[in-house]
Amino acid sequence: MPELPEVETVRRSLLPKLAGHTITGVEIFWPRAVRYPEPEAFAAAIRGRRVEDLERRGKHLIIHLSGEQSLVVHLRMTGRLLYRDEGDEVSPYTTVLFHLDGGKALHFVDVRKFGAMHLVCAEEWDQVQSLRGLGVEPLSEEFTPAYLAAMLEGGRGPVKGRLLNQQRIAGLGNIYADEALHRAGIFPGRPAGSLSPVEVERLHAAIREVIAEGLAHRGTSVRDYVDGDGRAGAFQERLRVYRRTGRPCLRCATPIRRTVVAGRGTFYCPQCQEETGTGAGPQE
DNA sequence: AGTAGGACCTGGTGGC
DNA sequence: TGCCACCAGGTCCTAC
């Protein structure tokens, strides 16, 4: 689920609720969800810690705790972090349950069980492999057209593959990559290095635009995603290609197609996103 | 170097 | 209606 806008929405919804709570205990129902340290050590180390702040990096949610420890959570495909009352129903898909003071609890619910968490101090940061060498944040000042151009330069593989590479840009996933490429009028399978400077500019603007709009609508709820209160997002109503196979392109009415690019289901408009890449771009 | 393919899990959906 | 492939928003590992 969670790409950057979804994880950021979870962060914003949880911060005012979690901040100040002390973790009084933890129940681990699916030990593999706890990647570091070992589950027993994890449980012992997290008990008594107070939540100080919540940060996001790429698709990671980082819960900063007292005592210089941080809980790094990755929701992967179906993970949900839910702030609940103690005694509320616990879903059978709950992998880890944190008990909080004040009669509250934080449930990590994850149907597909791909979600993972690490409890690390500053020196152990490298234990979280997916945080190592993470690329730039797409809404940061570092992410410029020149950065995007350098990132795509010389690439013979599909441009979409580069957009999904977290070492280059942190936080883009399958939905927002497809949406950005459609808005920029670029076929996802085009070789990364084949984009003209004008196309790179358009793609840069489109990436920032879809991420910002996704955030403004509190994320995309296609299936599982909800924020820390269990509320769905609304950006799915504004998707222009993702999961719209056969339905008319909102720009030119050509039926949207599905294909596979970089191993991922990929949606595009064959009219607005020409495979040959003439550079003509989307026609208004 | 970079990319493709399988693995990790389980449930929902589209097509027959 | 019912069944069953196929598909799923992410990342990691291995093999080319």
Side-chain angles (χ1 to χ4, degrees), chain A residues 1-10 29-36 56-61 72-81 91-96 108-118 126-135 150-181 188-194 210-211 214-215 217-227 232-236 238-239 241-247 257-267:
Chain A
M1 12 179 25
E3 305 181 35
L4 189 159
E6 290 73 39
V7 178
E8 179 62 21
T9 300
V10 171
F29 300 112
W30 182 260
R32 285 154 73 178
V34 175
R35 299 295 169 85
Y36 184 88
R56 181 195 55 74
R57 263 300 270 137
K59 301 171 189 171
H60 303 261
L61 183 69
V72 181
V73 180
H74 200 304
L75 303 173
R76 294 289 190 98
M77 306 279 266
T78 57
R80 302 173 164 194
L81 275 175
S91 157
Y93 301 115
T94 303
T95 59
V96 181
F108 188 50
V109 181
D110 187 12
V111 170
R112 286 176 74 182
K113 297 178 176 149
F114 289 169
M117 51 183 69
H118 296 71
D126 272 1
Q127 293 292 334
V128 190
Q129 182 172 327
S130 51
L131 272 180
R132 265 181 274 170
L134 208 55
M151 182 186 121
L152 300 177
E153 191 178 1
R156 281 174 292 163
V159 57
K160 178 172 173 178
R162 298 247 165 157
L163 297 186
L164 294 177
N165 184 335
Q166 302 298 300
Q167 317 292 305
R168 300 177 191 273
I169 311 185
L172 271 189
N174 205 34
I175 295 178
Y176 291 93
D178 276 5
E179 293 296 318
L181 286 162
R190 289 265 306 281
S194 75
V210 294
I211 293 289
L215 266 175
H217 293 275
R218 299 175 21 260
T220 304
S221 294
V222 169
R223 188 169 287 170
D224 299 282
Y225 164 73
V226 293
D227 71 11
F235 193 62
Q236 63 279 6
R238 313 184 85 81
L239 298 176
V241 286
Y242 183 74
R243 284 189 66 170
R244 295 193 65 245
T245 309
R247 299 173 60 194
R257 285 192 196 157
R258 179 186 186 277
T259 183
V260 174
V261 173
R264 315 294 304 278
T266 296
F267 302 86

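Lettering of chains follows the sequences in order, A, B, ..., and the numbering in each one begins at 1.
Not a single donor-acceptor pair under 3.5 Å links the side chain of A/R218 to the backbone N or O of A/T9. Between the side chain of A/K160 and the backbone N or O of A/A192 there is no donor-acceptor pair closer than 3.5 Å. Of the possible donor and acceptor atoms, none in the side chain of A/Q236 sits under 3.5 Å from a partner among the backbone N and O of A/V222. Between the side chain of A/R162 and the main chain of A/L164, no donor-acceptor pair closer than 3.5 Å is present.
For A/H74 and C/dG10, the shortest distance from a side-chain N or O to OP1 or OP2 is not below 4.0 Å. A/Q166 has no side-chain polar atom (N or O) that falls below the 4.0 Å cut-off from OP1 or OP2 of C/dC12. At B/dT10, one or more side-chain N or O atoms of A/K113 fall inside 4.0 Å of OP1 or OP2 (strictly under the cut-off). The side chain of A/R264 contributes an N or O atom lying less than 4.0 Å from OP1 or OP2 of C/dG10. For A/R162 and B/dT3, the shortest distance from a side-chain N or O to OP1 or OP2 is below 4.0 Å. Of the side-chain N and O atoms in A/R258, one or more sit less than 4.0 angstrom from OP1 or OP2 of C/dA8.
The nearest whole Å value for the distance from the CZ atom in A/F267 to the C1' atom in C/dA8 is 10 Å. Rounded to whole angstrom, the span from the CD1 atom of A/I169 across to the C1' atom of C/dG10 amounts to 16 Å. The nearest whole Å value for the distance from the CD1 atom in A/I175 to the C1' atom in C/dG10 is 12 Å. In this structure, A/H60 atom NE2 and C/dG10 atom P are separated by 12 Å, rounded to whole Å. The CG-P distance, from A/L152 to B/dA1, rounds to 19 Å in whole Å. Residue A/Q129 contributes atom CD, which lies 17 Å from atom P of C/dG10 at whole-angstrom precision. Atom-to-atom, CZ of A/R156 to C1' of B/dT3 comes out at 10 Å; the value is rounded to the nearest Å. For A/D110 and B/dT10, the CG to C1' distance is 10 Å, given to the nearest whole Å.
Across the P atoms, B/dA1 and C/dT11 are found 22 Å apart, a figure rounded to whole Å. A gap of 24 Å separates the C1' atoms of C/dT1 and B/dT10, to the nearest Å. Across the P atoms, B/dC8 and C/dC4 are found 23 Å apart, a figure rounded to whole Å.
Taking the centre of each ring, A/F235 and A/Y242 stay at or above the 6.0 Å mark.
Looking at heavy-atom distances under 4.0 Å, A/G155 makes no contact with the nucleic acid at all. Across all strands shown, A/V222 has heavy atoms under 4.0 Å from base atoms, whether or not it also approaches the sugar-phosphate.
Each of C/dT11, B/dG2, B/dT10 was ranked by its minimum atom distance to the side chain of A/S130; first place goes to C/dT11. In the set B/dT10, B/dG2, C/dA8, the nucleotide with an atom closest to the side chain of A/Y242 is C/dA8. Listed nucleotides B/dA4, B/dT10, C/dT11 differ in distance to A/P158; the shortest reach to its side chain belongs to B/dA4.
You can call A/F114 stacked on the base of B/dC8; the centres are under 5.5 Å apart and the planes sit within 30°.
Residue-to-nucleotide proximity on DNA chain C shows that, of A/V128 and A/R112, the 5′-proximal contact is made by A/R112. Two residues, A/W30 and A/G263, neighbour DNA chain B, and the one matched to the more 5' nucleotide by heavy-atom proximity is A/G263.
A donor and an acceptor atom, one from each side chain of A/Y225 and A/E3, are nowhere located under 3.5 Å apart.
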